[in-house]
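All values reported here derive from a predicted model rather than from experimental measurement. Both counts, for ligands and for their atoms, begin at 1 and track the order of listing.
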Amino acid sequence: MPHNYCPSPLEICMLFVTSEMHPFIKTGGLADVSSALPAALQRMGVEVKVLLPAYRQVKTKLPHARPICTLPDMRGEEKVVIRETFIEETGVTVLLVDYPAYYDRPGGPYQDEHGQDWHDNLMRFALLSKCAALLAGHASPLDWHPSLVHCNDWQTGLTPAYLHFWEHRHIKSVMTIHNLAYQGIFPSWGVTDVGLPESAYGLHGVEYYGNFSLLKAGLNYADHITTVSPTYAQEIQTDELGFGMQGLLQHRQLQLTGIVNGIDVRDWCPANDHNIPAPFSLHNLPDKALNKAALQRRMGLEVRDEVLLIGAISRLAHQKGLDVLLQVLPRLLEQPVQLALLGSGEQALEQGYRHLAAQYPGKVAAHIGFDESLSHLIEAGADVFAMPSRFEPCGLNQMYSMRYGTPPIVNATGGLADTVVDAQPDTIANGLATGFVFAPLNEDTLHSALLRALSLRQDKTSWEQLQRNGMNRDFSWDKSAAQYVRLYQDLLRT
Ligand code: ADP
């Protein structure tokens with residue numbers, strides 16, 4: 001191969017390792033990225049296989065995945081079955097790690113039905129990482145050899161470490177941080193249990209303040225680190241948002257790139273969305289109001305067009321800042337405003353929103369749970385979408401909402417700062433404004449951003465311009481996938 005040879009996308013084979021993938025298993029944005037990015041890469045000519053645990057829900061949805069090989073489990077017994085299935089719509093192949101003792105159980109991918117972390121998460125995700133390393137490594141039983149491995153979040157963080165310690169040939173890996181707040185922290189004795197040498201436990205290895213961090217393993221041993229927006233790539237190098245990893249990330253800043261997520265524009269297309277009663281586009285924008293009425297009816301809100309209907313769909317976690325919205329709402333509800341919230345998570349927040357809905361019947365509706373179809377109707381039916389996140393690596397809902405003519409109201413952090421342009425007279429006039437951006441996050445700033453939205457909505461022309469600006473933006477994966485391809489090419493350049 002000539003010196004400085006750069007492979008074309010067609011020559012890149014990639015193993016994409018993830019713990020969730022839409023539509024098979026989803027707790028958050030990682031699932032959306034894990035289905036849309038491989039599909040976009042595949043369209044660009046990269047050959048992608050996605051490796052995913054065969055959770056019970058996944059097996060039910062992919063019953064025909066056929067066994068293609070076996071691999072050793074964490075005890076070294078040849079009991080893990082790798083199954084393969086081809087996804088027609090995207091051209092992506094999915095490989096499942098079928099090991100019922102770890103994955104075939106009720107509850108979620110990380111927690112049981114009561115929200116408790118599975119006690120054996122260390123071994124469950126060490127196994128996923130191990131299978132990835134074995135499939136990419138010299139002793140793989142497959143005749144398919146990936147040119148690199150793309151890992152996602154702590155659940156796959158051990159893969160680069162295994163490749164580092166087990167392989168003589170250097171196999172390149174990329175580690176993507178979708179949310180640095182989740183680091184896969186386990187007791188230090190786990191290091192040897194998962195098959196790493198004791199020497200891996202140290203400041204420049206997998207040790208994290210006296211514990212063992214799977215994410216840190218990935219951040220240390222991967223060839224390159226990416227995260228899901230340029231602003232977040234900067235923020236995670238600071239004391240405020242580095243969650244203890246800022247030193248390591250500063251040290252690796254030349255191998256750290258922020259690439260903003262795209263969205264699946266086929267799944268999230270207001271003109272062609274079977275979840276909403278009145279599909280609409282730029283050509284029949286007034287039909288959006290039919291979805292608003294449907295949403296109001298479905299959630300038990302008063303059916304009134306003149307009120308500002310605020311939508312919110314989120315994990316109810318401190319990160320998302322919805323506690324601040326909860327504080328602001330009683331003040332705001334003196335105005336012609338309604339709230340439609342969909343989410344689940346921390347009990348105090350669930351109770352807080354249930355309580356508010358009981359206090360303001362017809363004005364506040366809270367659906368506690370996970371509901372894919374309702375999430376589409378909220379995006380389509382709400383007037384504005386609230387995302388007052390304390391930090392947000394990228395965020396997807398703000399992009400969905402812009403696409404559905406629902407200007408987002410966001411704190412200027414991470415991917416929210418990178419994807420939403422504040423509505424000011426000049427940015428509205430020049431076609432750039434797409435929502436309402438405020439900072440820092442507190443009750444007053446959020447309150448005044450909401451009031452700004454309420455007031456701008458009275459100006460029908462400016463409001464429609466704002467909606468159109470958002471709907472015209474290109475949030476498809478193509479641009480971001482092209483950046484990933486360039487990154488892979490740089491890594492694989494000889
Ligand atoms: P995060 O990954 O931090 O949860 P993102 O905005 O990146 O946040 O992605 C969240 C994804 O999960 C979006 O697709 C959002 O619509 C979806 N989601 C979150 N909570 C719910 C819910 N209760 N019901 C339906 N979809 C939800």
Side-chain angles (χ1 to χ4, degrees), residues 18-37 108-111 115 152-155 176-182 227-229 231-232 241 243 258-270 273 275-276 295 298-299 311-322 340-346 349-350 353-354 365-382 385-404 406 408-411 413-420 435 475 477 480:
T18 181
S19 58
E20 18 186 307
M21 182 184 188
H22 174 76
F24 311 120
I25 182 84
K26 170 169 172 174
T27 70
L30 172 62
D32 295 359
V33 174
S34 299
S35 85
L37 174 57
Y110 319 121
Q111 297 175 329
N152 294 279
D153 275 351
W154 69 264
Q155 295 87 346
T176 295
I177 304 168
H178 295 265
N179 192 335
L180 189 63
Y182 302 93
T227 190
V228 289
S229 68
T231 295
Y232 194 60
L241 288 176
F243 290 94
I259 301 178
V260 76
N261 284 335
I263 61 172
D264 188 328
V265 290
R266 280 181 314 170
D267 255 13
W268 295 91
C269 175
D273 187 334
N275 296 288
I276 62 177
L295 174 61
R298 174 148 173 205
M299 294 200 73
I313 306 162
S314 185
R315 288 185 294 115
L316 297 180
H318 185 69
Q319 172 200 340
K320 301 292 182 179
L322 290 170
L341 173 125
L342 166 64
S344 64
E346 289 169 18
L349 282 170
E350 290 188 355
Y353 276 103
R354 276 204 183 100
H367 182 99
I368 304 299
F370 195 95
D371 189 329
E372 189 82 35
S373 148
L374 180 58
S375 74
H376 285 247
L377 183 58
I378 292 178
E379 292 291 8
F385 191 90
M387 271 183 100
S389 304
R390 289 192 165 80
F391 66 93
E392 194 60 75
C394 178
L396 296 171
N397 274 310
Q398 80 280 14
M399 292 189 269
Y400 300 153
S401 67
M402 286 184 267
R403 200 160 151 72
Y404 279 69
T406 308
I409 299 178
V410 305
N411 181 23
T413 183
L416 299 177
D418 289 342
T419 55
V420 185
F475 294 113
W477 263 102
S480 306

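- Side-chain contact annotation: Ser34 with Glu20, donor-acceptor N/O pair under 3.5 Å absent.
- Considering backbone and side-chain N/O of Gln319, none are found under 3.5 Å from N/O of ligand 1.
- Checked against a 3.5 angstrom limit, the closest N/O atoms of Asn397 and ligand 1 fall inside it.
- Looking at atom 6 (O) of ligand 1, its nearest protein heavy atom turns out to be Leu396 N, 3.1 Å.
- When each of Thr18, Asp153, Asn152 is tested with His178 by the rule side-chain hydrogen bond (donor to acceptor under 3.5 Å, both in side chains), just one qualifies, namely Asn152.
- Considering backbone and side-chain N/O of Asp32, one or more are found under 3.5 Å from N/O of ligand 1.
- At a heavy-atom distance under 4.0 Å, only backbone atoms of Asp371 (N, CA, C or O) approach ligand 1.
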Let's go through Tyr182 and Phe243 carefully: what are the C-alpha distance in whole Å and the side-chain angles of both, what is the deciding distance for ring pair (Phe, Tyr, Trp, His ring centres under 6.0 Å) to 0.1 Å, and is it a yes or a no? CA-CA 9 Å; Tyr182 302 93; Phe243 290 94; 8.7 Å; no
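- Ligand-side atoms of ligand 1 in range of Gly29: 1 (P), 2 (O), 7 (O), 9 (O), 10 (C), 11 (C), range being under 4.0 angstrom from any heavy atom.
- A salt bridge does not link Arg266 to Asp273: none of the charged nitrogens lies less than 4.0 Å from a carboxylate oxygen.
- At the shortest separation from atom 21 (C) of ligand 1 among protein heavy atoms lies Phe370 CE1, 3.5 Å.
- Not close to ligand 1: Ala31, with no non-hydrogen atom less than 4.0 angstrom away.
- Contacts of Ser314 with ligand 1, taken as heavy-atom pairs under 4.0 Å, involve the backbone alone.
- In terms of modelled atom types and a separation under 3.5 Å, the side chain of Ser229 and the main chain of Pro393 share a donor-acceptor contact.
- Screening Thr406, Asp32, Asp267 for a side-chain hydrogen bond (donor to acceptor under 3.5 Å, both in side chains) involving Tyr400 leaves a single residue, Asp32.
- Classification of Glu392 and Lys320 as a salt-bridged pair holds, one side-chain N sitting under 4.0 Å from a carboxylate O.
- Per-residue contacts place Arg315 under 4.0 angstrom from the following atoms of ligand 1 (heavy atoms of the residue considered): 1 (P), 3 (O), 4 (O), 20 (N).
- A heavy-atom separation below 4.0 Å is not found between His178 and ligand 1.
- Residue contacts with ligand 1 for Thr27 are absent, since no atom lies close enough (heavy atoms, distance under 4.0 Å).
- For ligand 1, the polar-atom distance check against Ile313 finds no nitrogen or oxygen pair separated by under 3.5 Å.
- Residue contacts with ligand 1 for Lys320 involve side-chain atoms from C-beta outward but no N, CA, C or O (heavy atoms, distance under 4.0 Å).
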